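Read the structure below first, then the notes.
Keep in mind it's a predicted model, so treat the numbers as computed, not measured.
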Amino acid sequence: MEGKRGSECLLKSVSNIDFNPSIGWNNTTVGWTIFAQTKLYPLNGATGQPFSASVWFKDFGSDTSLQYSFGLVFFDSNQNRIESNLYGYAISGMKTAQPWKYMTVDNAVAPSNAVYVGLQYWSYNGHGNACFSSPMLTQTAHSTGYQPDVGNVVSAGIINGSVINGSTMNGTTFHGGDIINDANNMSKFYPTTISSDGHIYTTRFNPVDAMQTDLSTGALTTKYRAINTTNPNNHYEAYDTTLQADQIALFAGYTNGKDMSFTQSVTGSNQEGYVLISPLDGLTLHGDNQQITFNGTSDDVTPKGIFITPYGNINPNGTQNIWYVGNNMNMKTASFGIDGSGTYGIQFNRSLDIGNFNINTYHTITSSDNGPIHFNRADGKSVDIFAATVNYTSLVKSSLLSVKRDVRKADTAYWAQLVNSIDLATYQYKTDDNTSHIRLSSIVDDVNVTKQWQLPDVFISRDEDGKLCGVDDSVLLNATLATVQEQQKEIDQLNGHLLELEAKLNG
C-alpha cells in the first residue's frame with residue numbers, strides 16, 4: 001500500500017479530512033474531544049500487517065493542562081473504532097510557542113476484525129492553539145516521514161538534500177554527519193555509520209570518555225572507554241554491555257592503554273567482574289564489586305536495605321539492622337540481626353525443625369522420632385545444664401560398671417559422719433517474691449572466709465575453672481543412702497540387744 005500524504009494547511013477545525021491536508025486548532029475542551037479525522041482507508045484484507053504514521057506538530061501556545069493526541073486507528077466493518085487496538089502519540093501543551101515537532105506511531109498491527117484504517121486528532125482539558133501538518137500513513141513497521149510522490153529514480157552519484165523513495169541500495173555504507181572532530185578519534189569515526197555488513201554504529205567522544213554502540217542482527221553492544229587514567233600499569237577503565245535474545249551481559253574491567261578504536265575486549269585477563277541476566281541461567285554475579293543492592297523505600301532519606309554479595313551472603317546497607325523472612329513486617333517467619341554492633345539477635349516465629357529436633361512457639365522441645373535428647377559438649381561428653389525448677393517423671397543416673405574405674409566398697413560410717421556434719425538451713429533466694437515457699441537445704445558458703453555454714457567439700461560442685469557452683473546432689477543423695485545403711489546397722493544392733501534383754505527377762 002502506498003503512503004497517504006499531505007501538505008496543505010487548514011486554519012479551521014473540520015470533522016473529516018483527507019490524508020493530504022493539514023489542520024490547525026484554536027479552541028477549548030474539557031474532556032477528550034476529537035477535532036479531526038482522516039477519511040478511512042480500506043485494508044482489503046491486510047490484517048495482521050504493521051502500519052505506521054507520522055505528522056509534524058507545532059504548538060503556538062497552549063494551556064499546560066492540555067494534551068494533544070495523534071492516533072493511528074483501526075475500524076471495523078461498521079466504521080466503529082476498535083478500542084482494543086489503539087496506537088498514538090500524546091504531548092502536553094506549552095505556554096509559549098514551540099518549534100515544529102515530529103511525531104511518529106510505529107508498528108501498529110491491524111487486528112483480525114479491522115476493515116479500515118485512518119488517523120485521528122484529539123485534544124483534552126484546556127485551551128490550545130496548535131497545528132498538525134504533513135501527515136503520512138504507510139504500510140510499514142516504522143514511519144517513513146512525509147514523502148512527496150515525485151517519481152525520481154537515482155542510479156549513481158552523490159545526493160545532497162534529497163528525498164529517496166522506494167529504492168534498494170546494495171553494498172553501501174552510510175555516514176551520518178561529519179567525522180567527529182576530536183584528537184582521540186584516530187579511527188575517524190562518524191557520529192553514525194551504517195556499514196554494508198548490516199551494523200549500525202553510533203560513536204561519541206568527550207574530554208572524559210568515549211562511547212560506541214553497535215547494533216547488529218540479534219545483538220546490541222555498548223562500549224565505554226576512559227580517556228584518562230592514573231593507573232601505574234597504564235590500565236584504562238572500560239565497560240562492555242551486550243543485549244542478545246537470550247542474555248544481557250555487563251562486563252567491567254580495563255584496557256591495556258587507551259582504546260579509542262574500541263577493539264580491545266573487556267574479557268579474560270582484562271575483566272574485573274561481570275553480571276549476566278539470562279532466561280536460561282537467571283542472574284549471575286562475579287567480581288569484587290558485583291552485588292545486588294536494595295536501598296529502601298521512598299521514605300528512606302539515606303540508603304537502607306541489604307547487599308547480596310557475589311557469594312550470596314546478605315550484608316546490611318546503611319542503617320538496616322535486621323533481615324527477615326515472612327509475609328510482611330507484622331508476620332515474620334524469622335528475623336536475623338545483621339547490625340555491626342551485634343545488638344539484634346535471631347528470632348524464629350514459627351515451629352523450627354532441625355533434623356529430628358523440633359522447637360515450637362509453645363515452650364516445647366520435641367523429639368520428632370521419639371528418641372532421647374542429648375546435650376553434649378564439642379568433645380562428645382555431656383555438658384552441664386543450668387535451670388530453675390525441673391519437673392520430671394524419672395531421674396536416671398548413669399551408673400554402669402562398664403564405664404567406671406577404681407571401684408571400691410564405700411565406708412558407710414565415714415559418709416554417714418560427713419552427712420551428719422552438714423548444717424541445714426531454711427531460706428529464700430534473693431530473686432524470690434512473697435509468694436515463694438520456704439526452702440530447705442545445705443549451704444555453700446561463698447561469702448565468708450571463715451565458713452559459717454558446715455558443708456564438707458566433697459558435696460560441693462565446681463566448674464572447670466574451680467569456681468563454686470552449688471551442691472552436688474548426686475553425691476549427697478548417695479551419702480544419705482550410706483547414712484541410712486549405717487543407721488540400719490545401728491537399729492539391727494539395738495534390736496539384737498533388745499531381744500537379749502527380753503530373753504533374760506523371760507528366762
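- When all heavy atoms of Pro50 and Ala141 are compared, the pair lying nearest together is CB-CA, 3.8 Å.
- Salt-bridge annotation for Asp384 and Arg377: absent, with no side-chain N of the basic residue lying under 4.0 Å from a carboxylate O of the acidic one.
- Environment of CG in Asn328: crowded, with over 12 heavy atoms of neighbouring residues, nucleotides or ligands closer than 6.0 Å.
- At least one donor-acceptor pair under 3.5 Å links the side chain of Ser278 to the backbone N or O of Asp246.
- With contacts defined as side-chain heavy-atom distances shorter than 4.5 Å, the pair Asn185/Met260 does not qualify.
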Checklist line | side chain to side chain contact (heavy atoms under 4.5 Å, CB included) evaluation trace for Asn321 with Thr343 | finding: CA-CA 9 Å; Asn321 294 318; Thr343 302; over 6 Å; no
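- In this structure, CG in Asp106 is found 4.5 Å from OG in Ser143, a value given to the nearest 0.5 Å.
- In this structure a side-chain-to-backbone donor-acceptor pair under 3.5 Å is present from Ser62 to Asn129.
- Between Val55 and Ser133 the shortest heavy-atom distance is CG2-O, 3.3 Å.
- Side chain of Gln37 to main chain of Gly118: no donor-acceptor pair is present (N/O by atom type, distance under 3.5 Å, no hydrogens or angles).
- Put simply, the side chain of Glu83 does not reach to within 4.5 Å of the side chain of Asn80, judged on heavy atoms.
- Classified by interplanar angle (parallel below 30°, tilted 30° to 60°, perpendicular above 60°), the ring pair Tyr121/Phe70 is tilted.
- Side-chain contact between Thr255 and Lys258 is absent, with no heavy atoms from C-beta onward closer than 4.5 Å.
- No hydrogens or angles considered: nothing links the side chains of Asp300 and Thr302 as a donor-acceptor pair under 3.5 Å.
- Dense packing is recorded around OH of Tyr102, with more than 12 heavy atoms of other residues, nucleotides or ligands lying under 6.0 Å away.
- For the pair Thr47 and Ser112, the tightest heavy-atom approach, listed with the atom from each and the gap, is CG2-O, 3.7 Å.
- Asp339 and Ser341 share a donor-acceptor pair across their side chains, judged by distance under 3.5 Å alone.
- For Phe57 and Tyr68, the ring centers are positioned less than 6.0 Å apart.
- Of all heavy-atom pairs spanning Ile180 and Thr203, the tightest one is CD1-O, 3.4 Å.
- In this structure, His127 contributes its side chain and Asn27 its backbone to a donor-acceptor pair below 3.5 Å.
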Notebook entry, point to check: Which is it for Tyr201 and Ser195 under the side chain to side chain contact (heavy atoms under 4.5 Å, CB included) test, yes or no, and what are the steps along the way?
Noted result: CA-CA 8 Å; Tyr201 299 92; Ser195 67; 4.0 Å; yes
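- Taking OG from Ser84 and CG from Asn113, the interatomic distance works out to 6.5 Å, rounded to the nearest 0.5 Å.
- Looking only at distances, no side-chain donor or acceptor of Asp63 sits under 3.5 Å from a matching main-chain atom of Gly126.
- With 3.5 Å as the limit, one finds no donor-acceptor pair spanning the side chains of Asp214 and Gln212.
- Under the 4.0 Å criterion applied to side-chain N and carboxylate O atoms, Asp240 and Arg225 are assigned as salt-bridge partners.
- If you look at Tyr236 and Tyr254, their ring centroids are not closer than 6.0 Å.
- In this structure, the side chain of Asn317 engages the main chain of Phe294 through a donor-acceptor pair within 3.5 Å.
- Between the side chains of Asn358 and Ser351, at least one donor N or O sits under 3.5 Å from an acceptor N or O.
- Between Trp122 and Trp32, the two ring planes are perpendicular [angle over 60°; tilted spans 30° to 60°].
- Two residues are said to be in side-chain contact when any heavy atoms from C-beta on lie closer than 4.5 Å; Thr38 and Leu137 fail this criterion.
- Using modelled atom types, one side-chain atom of Thr364 and one backbone atom of Tyr362 make a donor-acceptor pair closer than 3.5 Å.
- Taking the six-membered ring for Trp, Tyr239 and Tyr224 have ring centres closer than 6.0 Å.
- Here the side chains of Arg204 and Asp209 are in contact, with some heavy-atom distance below 4.5 Å.
- With hydrogens and angles disregarded, no donor-acceptor distance shorter than 3.5 Å links the side chain of Thr222 to the backbone of Thr241.
- Side-chain contact check for Gln291 and Thr309: no donor-acceptor pair (N or O, by modelled atom type) lies under 3.5 Å.
- Under a cut-off of 6.0 angstrom, the local environment of CG in Asp178 is sparse, with at most 12 non-hydrogen atoms contributed by other residues, nucleotides or ligands.
- A side-chain contact (heavy atoms from CB on, under 4.5 Å) with Val105 is found for exactly one of Leu72, Leu119, Val73, namely Leu72.
- Annotation: the span from Ser216 atom OG to His199 atom NE2 amounts to 4.5 Å, rounded to 0.5 Å.
- Looking only at distances, no side-chain donor or acceptor of Asn376 sits under 3.5 Å from a matching main-chain atom of Asp379.
- Counting heavy atoms from C-beta outward, Phe262 and Phe189 have side chains that approach closer than 4.5 Å.
- Of all heavy-atom pairs between Met136 and Thr138, the closest is CE-CG2, 3.7 Å.
- Once rounded to the nearest 0.5 Å, the distance linking CZ of Phe51 with OG1 of Thr140 reads 9.5 Å.
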Check: Where do Asn270 and Asn256 land on the side chain to side chain contact (heavy atoms under 4.5 Å, CB included) test, with the steps shown first?
Finding: CA-CA 8 Å; Asn270 287 10; Asn256 295 306; 3.4 Å; yes
Atom pairs and distances, donor-acceptor, side-chain atoms in residues 90-101, under 3.5 Å, two or more places apart:
residue: Thr96; atom: OG1; partner: Gln98; partner atom: NE2; Å: 3.3
residue: Gln98; atom: NE2; partner: Thr96; partner atom: O; Å: 3.0

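- The closest side-chain heavy-atom distance from Ile227 to Asn184 is below 4.5 Å.
- A cation-pi arrangement is present between Lys332 and Tyr324 under the rule of less than 6.0 angstrom and at most 45 degrees off the ring axis.
- For the atom pair CD (Gln120) and CD1 (Ile34), the distance works out to 3.5 Å, reported to the nearest 0.5 Å.
- Among all heavy-atom pairs drawn from Pro42 and Leu40, the shortest one is CD-O, 3.8 Å.
- Using bins of under 30°, 30° to 60° and over 60° for the plane-to-plane angle, the ring pair Phe74/Tyr87 lands in the perpendicular bin.
- Counting heavy atoms from C-beta on, the side chains of Asn107 and Ser52 never come closer than 4.5 Å.
- Distance check, rounded to the nearest 0.5 Å: CG of Asn313 to CD1 of Ile306 gives 11.0 Å.
- When each of Val266, Thr284, Thr267, Leu250 is paired with Tyr274, the side-chain contact (heavy atoms from CB on, under 4.5 Å) condition holds for Thr284 and for no other.
- Taking the six-membered ring where the residue is Trp, Tyr190 and His175 present parallel rings, their angle staying beneath 30° rather than reaching 60°.
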